[in-house]
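Everything on this sheet refers to the single structure shown next.
Protein chains get the first letters and strands the later ones, always in sequence-line order, with residue 1 at the start of each. Worth knowing before you read on, the calculation uses all heavy atoms, side chains too, and leaves out hydrogens, waters and symmetry mates. Source: prediction; values computed, not measured.
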There are 2 protein chains.
Amino acid sequence: MKTTIKDIAQQAHVSVGTVSKILNKKDGHISDETRQKVMAVAKQLNYTPNTLARSLVTKQTKTIGLILPDISNPFFPELARGAEDKASELGYSIMYCNTDDDVKKEDKYIQMLTEKMADGIIITQSVARKMTSERLQLARTPIILIDRDAEGEGVGGKVLVDNLMGAYEAIKHLLIKGYRNIVFVAGPLTSNTTKARLEGYKRALDEFKVPFNKDYILEGQYKSEWGFKAVNQLFEKKLNFDAVFCGNDVIAISVVKALKDAGKLIPEDVAVIGYDDIHMASLIEPPLTTVRQPIYEMGYRAVEMLVDIIENPNQDIKERRILLATKLIIRKTT
Amino acid sequence: MKTTIKDIAQQAHVSVGTVSKILNKKDGHISDETRQKVMAVAKQLNYTPNTLARSLVTKQTKTIGLILPDISNPFFPELARGAEDKASELGYSIMYCNTDDDVKKEDKYIQMLTEKMADGIIITQSVARKMTSERLQLARTPIILIDRDAEGEGVGGKVLVDNLMGAYEAIKHLLIKGYRNIVFVAGPLTSNTTKARLEGYKRALDEFKVPFNKDYILEGQYKSEWGFKAVNQLFEKKLNFDAVFCGNDVIAISVVKALKDAGKLIPEDVAVIGYDDIHMASLIEPPLTTVRQPIYEMGYRAVEMLVDIIENPNQDIKERRILLATKLIIRKTT
DNA sequence: TGTATCAAGGAAAACGTTTGCCCAAGTATT
DNA sequence: AATACTTGGGCAAACGTTTTCCTTGATACA
């Protein structure tokens with residue numbers, strides 16, 4: 001049997017309340033003698049608290065849920081890492097969940113996390129659906145949106161990246177370099193992230209008086225396979241293009257691969273630009289020009305924000321929103 | 001306030017015990033009428049159980065801890081994914097922890113997990129230290145070792161990969177292809193994983209009567225930078241080599257990069273072979289020959305084993321050990 | 001001398017469940 | 001008619017903590 005506070009109390013001939021006070025350093029009214037006795041017994045019995053019981057009375061579990069689409073997508077481990085580092089620093093632990101962008105799973109996990117009494121939730125939603133009050137009723141717990149924006153009253157806060165500017169700068173860079181027929185191999189257009197990037201894309205085009213052609217917008221998934229498929233589509237459509245702007249680096253890497261396999265020279269025949277700046281981006285041939293996102297920092301800041309909400313509940317803040325800047329990393333594919 | 005079982009009891013005019021029995025489908029002795037009434041009230045009040053309280057009495061949290069060196073190393077997300085998928089299937093959730101191969105952090109997390117009453121722990125240990133009884137006393141909970149082996153009584157089980165054979169086959173392949181001066185850019189030699197691979201390396205050499213030269217063994221970390229450093233060392237030492245066997249794909253990818261930057265042709269001048277078969281391995285130029293590990297399956301099987309131990313505690317099994325096979329994936333770097 | 005203050009620590013309720021035991025009434029068996 | 005099950009459901013302990021309020025004795029103060 002694990003030793004409990006009761007065992008300590010018995011052996012030290014004091015009451016459980018006293019033991020609890022001492023162990024929690026609320027020992028203003030305890031003599032040095034008893035304190036030391038209790039501490040000694042605790043150590044000897046190898047006591048570790050049962051946080052379940054503690055949480056039951058204190059109403060906090062020091063646990064936060066992290067709901068992500070898919071940890072095997074290289075974008076998310078870094079985000080998770082940032083979250084875990086900050087959480088650990090603040091004394092919280094992280095429960096993690098993969099949704100595969102499946103709304104059902106999202107709901108299931110939110111449910112699970114509320115049952116486990118998580119103090120808060122950080123989520124990258126699959127689609128930009130509203131956080132309905134119904135859902136929030138389910139999770140009577142602060143929620144932070146991360147990476148992907150969505151409407152919704154009742155969301156505790158948001159940590160986002162300025163996708164409009166990120167895309168704008170990327171496209172502007174291509175335009176300055178003289179590319180004019182720029183394909184956008186995008187993620188799902190249901191996502192606000194994608195929408196914002198499309199905005200940026202259009203804005204840059206506008207500025208350079210290049211007409212927008214919606215045939216150049218290809219909608220797909222944030223997955224490696226999509227890169228190959230997209231290039232196929234381009235060739236099938238016999239589209240005349242000289243640059244490809246990709247929804248993320250994973251897509252970009254497979255686009256580069258597919259283009260090279262088709263005999264294209266990069267960047268001479270066609271330029272490629274990615275998004276994220278995952279580690280691998282600099283290692284492919286040629287090294288990938290990309291829009292760097294502060295991924296680690298997003299995770300880190302999200303936890304920071306969430307814990308602030310958890311621990312200072314009645315601050316009068318209308319909206320919490322962190323918008324992080326991207327940075328264009330110019331390598332050799334443009 | 002969240003609604004509790006008590007609220008339901010009041011509104012339905014029954015006792016809390018009855019509600020509990022109904023909600024848990026232990027309603028052999030309950031009339032249809034009351035059951036339906038209780039269910040209706042529960043739904044109407046939007047009840048979700050508080051698993052803290054439940055766990056306190058049932059002594060199980062349906063939570064397992066996953067302790068890994070670093071989730072941003074592409075090997076581990078896939079393992080984590082396998083673990084999470086199986087866990088979710090079995091009704092468990094996962095708490096995850098990054099140690100950065102720091103023994104202190106390992107202990108801290110084990111402590112944390114026992115305090116949170118995790119039902120079991122899966123760990124990739126940083127170094128092959130024994131699971132001392134002291135440590136197991138801390139964690140009075142089943143522990144599964146995954147990926148990296150270590151001695152120790154009291155370990156609940158192990159899920160490993162046959163690293164000796166994996167390395168053996170890789171080296172044999174190189175030898176058959178005619179390469180003779182084979183460098184091993186290894187991970188830390190304190191790890192049993194590395195040791196086993198070194199065994200395999202030697203065995204293959206032996207079989208082909210190629211003398212072993214310990215200058216060809218370079219010890220480092222399982223990180224991308226190590227690949228670059230290792231190649232530098234090779235050139236500095238002016239070592240005559242025609243093949244490089246790498247401790248993992250991340251290293252291999254940077255080795256390929258470094259070699260190409262130095263003007264070497266791959267595989268004509270020097271062959272490179274990796275380990276893991278991460279997704280990126282097939283996307284670099286030239287596509288990487290590598291030893292595929294069933295990473296996802298390791299995570300999956302570890303959870304399977306752990307939950308079996310948790311739920312059937314008094315089986316009389318002396319040792320649980322799963323040794324998974326690797327597979328040589330031949331691409332274009334050899 | 002009487003009273004207020006203070007230090008040290010105990011008692012017990014509370015947190016939200018589960019579960020073993022008990023009881024009452026009805027039904028079946030002898 | 002007496003006994004034995006069965007059905008339906010209540011009671012209360014237990015899980016391991018925290019925390020509020022009390023009690024007791026001692027000391028200080030007027």
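Rounded to whole Å, atom P of dG16(C) lies 15 Å from atom CG of Leu23(B). Whole-Å rounding puts the Lys62(B) NZ to dT17(C) C1' distance at 16 Å. One can place CG of Asn50(B) at 18 Å from P of dC15(D), the figure rounded to the nearest angstrom. Atom pair Lys26(B):NZ and dC21(C):C1' shows a separation of 15 Å (rounding to whole Å applied). Between Ile30(B) atom CD1 and dT7(D) atom C1' there is a gap of 10 Å when expressed in whole angstrom units. One interatomic measurement links the two molecules: NZ of Lys116(B) to P of dG16(D), which rounds to 19 Å at whole-angstrom precision. Separating the CG atom of Asp32(B) from the C1' atom of dG9(D) is a distance of 15 Å, rounded to the nearest angstrom. Asp7(A) has its CG atom 11 Å from the P atom of dC15(D), to the nearest Å.
Between Asn24(A) and dT18(D) there is a side-chain N or O to OP1 or OP2 distance below 4.0 Å. Taking only side-chain nitrogens and oxygens, Lys59(A) never comes nearer than 4.0 Å to OP1 or OP2 of dC15(C). For the OP1/OP2 pair of dC15(C) and a distance below 4.0 Å, the side-chain nitrogens and oxygens of Lys2(B) include no atom meeting the criterion.
If you find the closest nucleotide of DNA chain D to Ala53(B) and to His13(B), the one lying nearer the 5' end belongs to His13(B).
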Worked verdict on Glu78(A) versus Arg81(A) for salt bridge (Lys or Arg N to Asp or Glu O under 4.0 Å): CA-CA 5 Å; Glu78(A) 201 166 331; Arg81(A) 192 59 217 268; over 6 Å; no
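The Leu56(B) side chain lies nearest to dG16(D) when the options are dG16(D), dG9(D), dT17(C). Taking every side-chain heavy atom of His29(A) into account, dG9(C) is the closest of dG16(D), dT18(C), dG9(C). Which of dA8(C), dG9(D), dG16(C) sits closest to the side chain of Thr18(B) comes down to dG9(D). Out of dG9(D), dG10(D), dT17(D), the shortest distance to the side chain of Val14(B) is found at dG10(D). When distances run from any side-chain atom of Val57(B) to the nucleotides dG16(D), dG9(C), dC15(D), the shortest one goes to dC15(D). For Lys6(B), the side-chain atoms get nearest to dC15(C) when compared with the rest of dT17(D), dC15(C), dT18(C). Listed candidates were dG9(D), dG10(C), dC15(D). Nearest to the side chain of Ser15(A) is dG10(C). The side chain of Arg54(A) has dT18(D) as its nearest neighbour among dA8(C), dT19(C), dT18(D).
Under the 4.5 Å side-chain criterion, counting only non-hydrogen atoms from C-beta, Leu306(B) is not in contact with Val303(B). Taking the side chain as every heavy atom from C-beta outward, Met117(A) and Ser55(A) never approach each other to under 4.5 Å.
Tyr222(A) and Asp101(A) form no side-chain donor-acceptor contact under 3.5 Å, judged by distance and modelled atom types alone.
In summary, of the residues considered (Ile8(A), Val19(A), Asp7(A), Val38(A)), a side chain to side chain contact (heavy atoms under 4.5 Å, CB included) with Tyr47(A) occurs for Ile8(A) alone. Among Val161(A), Thr124(A), Asn192(A), Leu160(A), the single residue meeting the side chain to side chain contact (heavy atoms under 4.5 Å, CB included) criterion with Arg148(A) is Thr124(A).
Between the side chain of Lys21(A) and the base of dG10(C) there is at least one donor-acceptor pair of N/O atoms closer than 3.5 Å.
Backbone-only contact: Thr34(A) has heavy atoms under 4.0 Å from sugar-phosphate atoms and none from a base. Note on Ser20(B): a base of the nucleic acid sits closer than 4.0 angstrom, heavy atoms only.
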